[in-house]
Structures are given as structure tokens and as C-alpha cells.
Amino acid sequence: MFQILKRRRCFKAITQPLTDDSLELQFDDHRTFTSLLGQHDGHLRTIEQSLGVRIKVSGTSVKISGVSRDQALAGKLLGELYELLKQGYHLYNGDIEYAIRILRENHQAELKDIFLDTIFVSPHKRVICPKTTNQKRYVDAIRKYDIVFGIGPAGTGKTYLAMAMALSALLKNQVSKVVLCRPAVEAGEKLGFLPGDLVEKVNPYLRPLYDALHDMVDYDRARRMMERGTIEVAPLAFMRGRTLTDAFIILDEAQNSTSEQMKMFLTRLGLNSKAVITGDITQIDLPSGKLSGLKEARTVLANVPGIAFIYFDEGDVVRHRLVQSIIAAYDSAENGASRINGDGADR
């Protein structure tokens with residue numbers, strides 16, 4: 001926490017306006033302050049470039065100059081990050097950009113409420129936590145509701161956070177099984193004949209789920225869990241006729257499920273089970289004329305109690321910084337084309 005106080009007094013993370021229209025922050029812990037600066041002051045450089053301010057360091061204080069609105073945002077950001085570090089959070093380079101997005105969207109947001117909402121998966125792996133306001137809402141919804149839809153573009157953490165919540169529930173014995181499934185639909189490309197048995201034929205479609213799993217649990221442990229059936233990865237078609245009890249089920253790439261498949265999947269839910277459905281309705285690979293089950297579900301289930309819909313946008317992208325710009329550029333181009341053609345309909 002930091003507060004506005006008189007000049008030249010020594011406080012824990014204080015801010016003070018200066019006569020030259022700059023802002024000064026002083027901090028009380030040298031080690032934490034060093035972590036706040038980043039390697040070779042890298043964190044400060046990121047803040048300067050993103051907010052258009054100048055930051056000068058003297059001892060354990062920083063002086064921020066620039067437009068008053070940007071000064072205030074930079075001051076709020078540094079104070080919040082400092083408090084995160086004091087509570088043991090390890091600050092990664094990407095966290096600075098995510099924090100700026102959050103505070104730009106809501107200047108009153110508390111970063112600790114988002115970044116310290118850790119999801120326990122493995123003591124040997126990197127801590128997993130939300131990085132945006134929508135991701136925080138998504139994680140909270142998964143905790144609260146038995147069916148949650150996460151809808152938005154690639155790279156927004158929909159599947160990754162759902163996987164983390166599923167593994168966390170499994171390790172805490174809240175469920176006895178995790179089921180991961182996707183529709184086996186070719187993404188606009190004809191893959192031709194695939195060799196091997198049935199499992200080997202569908203594995204390429206399920207590869208992203210395996211990648212997320214192995215990023216959170218070491219390979220040998222994941223293999224043992226899959227051999228025991230504690231974690232199951234299967235194409236959506238394999239869900240027909242089953243009742244999944246005491247399970248956490250994830251349907252990924254749900255935009256490529258048909259209306260019939262979506263209804264079939266949602267009615268597989270048994271006692272003490274939870275389902276998370278993720279997808280991007282701008283990347284539908286179904287044959288022409290086939291209605292996406294995810295798009296239909298948005299309308300049919302919108303007012304059903306106990307079901308939550310969380311929507312993501314390019315501001316929630318947590319991949320390479322260019323991915324956010326790419327998504328925005330494509331959205332702009334598609335919206336422009338729709339206005340020119342007079343066709344705002346989608347399948």
C-alpha cells in the first residue's frame with residue numbers, strides 16, 4: 001500500500017507530488033525495491049515505453065515525470081507491484097504489461113487480488129495465476145459454477161487456466177478424474193490418411209491438450225495418471241453414451257462441435273462433476289451449413305441458472321505481445337469487410 005504524504009519524510013512506499021509537476025515514490029525495503037526495478041532496470045524501461053513517462057532512480061526512490069494521468073498510473077503500478085513483491089510474488093517480464101492493461105481498464109483494480117490468486121498444480125512447476133481481469137473472473141466462475149463457457153480468441157488462457165483448475169481439483173481430491181476432449185475436425189486443411197490405430201489417428205487433434213498438461217505436470221507423472229485413467233484425453237465423439245461422475249471435464253475448441261454434439265456433451269455431466277467449455281467463434285472449421293454448437297449454446301443457455309459465460313478479447317492475450325496486435329488487426333479487417341459487403345451474419 002502507498003499513500004500521499006508530505007515531502008522528505010521516510011515511509012513505506014510513499015508518493016508525493018513535486019513542484020516540477022513530477023511524482024516521487026519512496027520505498028522502505030532495498031531488496032524488494034531492487035526486484036521492482038528488474039534486471040538492468042528492465043521493469044522500469046518497460047513502464048516508460050508503455051506509459052510514455054520518464055523514471056529516474058535515486059537510492060530507494062523513483063521520480064516520475066510526464067503527463068499527470070500517466071504519472072498517476074505509473075505511480076499506482078509501481079506501488080501495487082511493490083506490494084506484490086513484498087508478499088513473495090515473483091515478477092516476470094510479461095507481468096508488467098499485463099498489470100498495465102489491468103490498471104488502464106480499471107484504475108481502482110488491486111493487482112494482488114488477481115496475481116496472488118494462485119492455482120496449485122505442482123510444487124516443481126511455475127505458479128499459475130490469472131493475468132487479466134477477465135481471467136480472474138473466469139477462474140472465479142469455475143470455482144462457483146458447475147458449467148462455465150470461456151469464449152474468446154487464441155492466447156487468452158481459456159484452455160490453460162481450465163486445465164490448471166482441473167488438475168488442482170484432482171490433486172485436492174475434489175474430483176477423482178479429469179477428462180479432456182476436443183472435436184476431431186480438420187482446421188481448414190485436408191490431412192489425408194493417418195497411419196496407426198484409432199488412438200494414434202486422433203492424437204494429432206488432441207496435441208494441444210497434451211501440451212498444456214505436460215507444461216503443468218512432469219511427463220512421467222502425467223503418463224502414470226493417464227495409464228491409470230485418472231486423466232483421460234479423448235475426441236468428443238467418444239463421450240456419447242457416457243455419464244461422467246465425480247469428474248472435471250474440459251471441452252476444448254468447442255466452436256467446432258455441432259449443435260447435436262454440444263447437447264450430447266452437456267448432458268454427460270454426472271453427480272459432483274464440473275464442465276468447462278472453451279472456444280473461439282471466429283475460427284469455426286465445420287463444413288458449410290453446419291451450425292456451431294458453441295454459438296448456439298450462447299443463445300439457448302444464456303439465462304439458465306448455474307451456467308456462466310465469460311468472454312475474452314485481445315486485451316486478455318498472454319502470448320507474444322504481437323499476438324494481441326494481430327488479433328486486433330484481423331478483427332478490424334473482418335469488421336470492415338462486413339460493412340462493405342453488408343453481411344454481418346456468421347454461421
Side-chain angles (χ1 to χ4, degrees), residues 134-135 137-163 165-166 169 175 178-188 205-206 208-209 212 232-245 247-314 316 327 331 334 338 344-347:
N134 281 334
Q135 287 190 357
R137 292 176 56 240
Y138 184 53
V139 169
D140 287 342
I142 293 173
R143 292 188 178 116
K144 182 177 180 181
Y145 296 97
D146 287 337
I147 297 179
V148 175
F149 287 81
I151 301 173
T156 51
K158 306 181 301 294
T159 303
Y160 196 82
L161 287 172
M163 179 76 77
M165 293 295 287
V175 295
V178 171
V179 180
L180 314 170
C181 62
R182 295 182 92 192
V185 175
E186 294 171 339
Y205 298 105
L206 306 175
L209 293 175
E232 177 185 349
V233 184
L236 176 58
F238 284 24
M239 295 296 105
R240 191 171 299 278
R242 301 178 62 182
T243 300
L244 298 169
T245 302
F248 195 121
I249 315 138
I250 299 173
L251 172 58
D252 190 33
E253 296 289 329
Q255 76 275 7
N256 288 328
S257 66
T258 64
S259 175
E260 296 79 11
Q261 286 176 324
M262 178 61 74
K263 180 180 178 181
M264 177 272 293
F265 172 81
L266 292 172
T267 54
R268 300 307 93 202
L269 209 63
L271 297 175
N272 191 41
S273 288
K274 185 182 291 284
V276 178
I277 300 96
T278 69
D280 177 3
I281 56 174
T282 69
Q283 296 190 22
I284 298 174
D285 301 308
L286 290 170
S288 179
K290 279 284 187 179
L291 175 64
S292 166
L294 179 60
K295 294 191 70 172
E296 182 185 52
R298 291 188 308 165
T299 303
V300 174
L301 304 177
N303 299 315
V304 176
I307 298 178
F309 287 83
I310 305 296
Y311 293 90
F312 299 87
D313 56 35
E314 67 271 11
D316 298 299
I327 291 171
D331 285 346
E334 289 169 2
S338 295
D346 47 18
R347 56 183 176 183

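Throughout, numbering of the chain's residues begins at 1 and tracks the sequence.
Taking the side chain as every heavy atom from C-beta outward, Ile147 and Tyr145 never approach each other to under 4.5 Å. Residues Val179 and Phe248 form no side-chain contact, since every pair of their non-hydrogen atoms from C-beta on lies 4.5 Å or further apart. Counting heavy atoms from C-beta on, the side chains of Leu161 and Ile142 never come closer than 4.5 Å. Contact annotation: the side chain of Arg182 approaches that of Leu209 to within less than 4.5 Å [non-hydrogen atoms, C-beta and beyond]. With contacts defined as side-chain heavy-atom distances shorter than 4.5 Å, the pair Arg298/Tyr311 qualifies. Looking at heavy atoms from C-beta onward, Ile277 lies in side-chain contact with Leu294 at the 4.5 angstrom threshold. Annotation: side chain of Lys263 is not in contact with side chain of Glu260 (no heavy-atom distance under 4.5 Å). Using a 4.5 Å heavy-atom cutoff, the side chains of Tyr138 and Asp316 are not in contact.
The closest donor-acceptor contact from the side chain of Glu253 to the backbone of Thr278 lies at 3.5 Å or more, if one exists at all.
A donor-acceptor contact under 3.5 angstrom links the side chains of Glu296 and Ser259, judged on distance only.
Here the options are Val300, Ile281, Ile151, the test is side-chain contact (heavy atoms from CB on, under 4.5 Å), and the partner is Lys295; only Ile281 passes.
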List the steps, then state whether side chain to side chain contact (heavy atoms under 4.5 Å, CB included) holds for Cys181 with Ile250. CA-CA 6 Å; Cys181 62; Ile250 299 173; over 6 Å; no
Leu244 vs Leu269, side chain to side chain contact (heavy atoms under 4.5 Å, CB included): CA-CA, chis, key distance, verdict: CA-CA 5 Å; Leu244 298 169; Leu269 209 63; over 6 Å; no
Full working for side chain to side chain contact (heavy atoms under 4.5 Å, CB included) between Val148 and Ile307: CA-CA 6 Å; Val148 175; Ile307 298 178; over 6 Å; no
The test is side chain to side chain contact (heavy atoms under 4.5 Å, CB included); show your working for Asp280 and Phe312 and say whether it passes. CA-CA 9 Å; Asp280 177 3; Phe312 299 87; over 6 Å; no
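Here CG of Leu286 is found 8.0 Å from CD of Gln255. Values are rounded to the nearest 0.5 Å.
Using a 4.0 Å cut-off between charged side-chain N and carboxylate O, Arg242 and Glu232 make a salt bridge. A salt bridge links Arg143 with Asp140; the closest basic N to acidic carboxylate O contact falls under 4.0 Å.
Relative orientation of the Phe309 and Phe149 rings is parallel, given thresholds of 30° and 60° on the angle between their planes.
For Thr243, the side chain to side chain contact (heavy atoms under 4.5 Å, CB included) partners at least two apart in sequence or on another chain are Thr245.
Closest approach of Tyr160 and Ala212 over heavy atoms only: CD1-CB, 4.4 Å.
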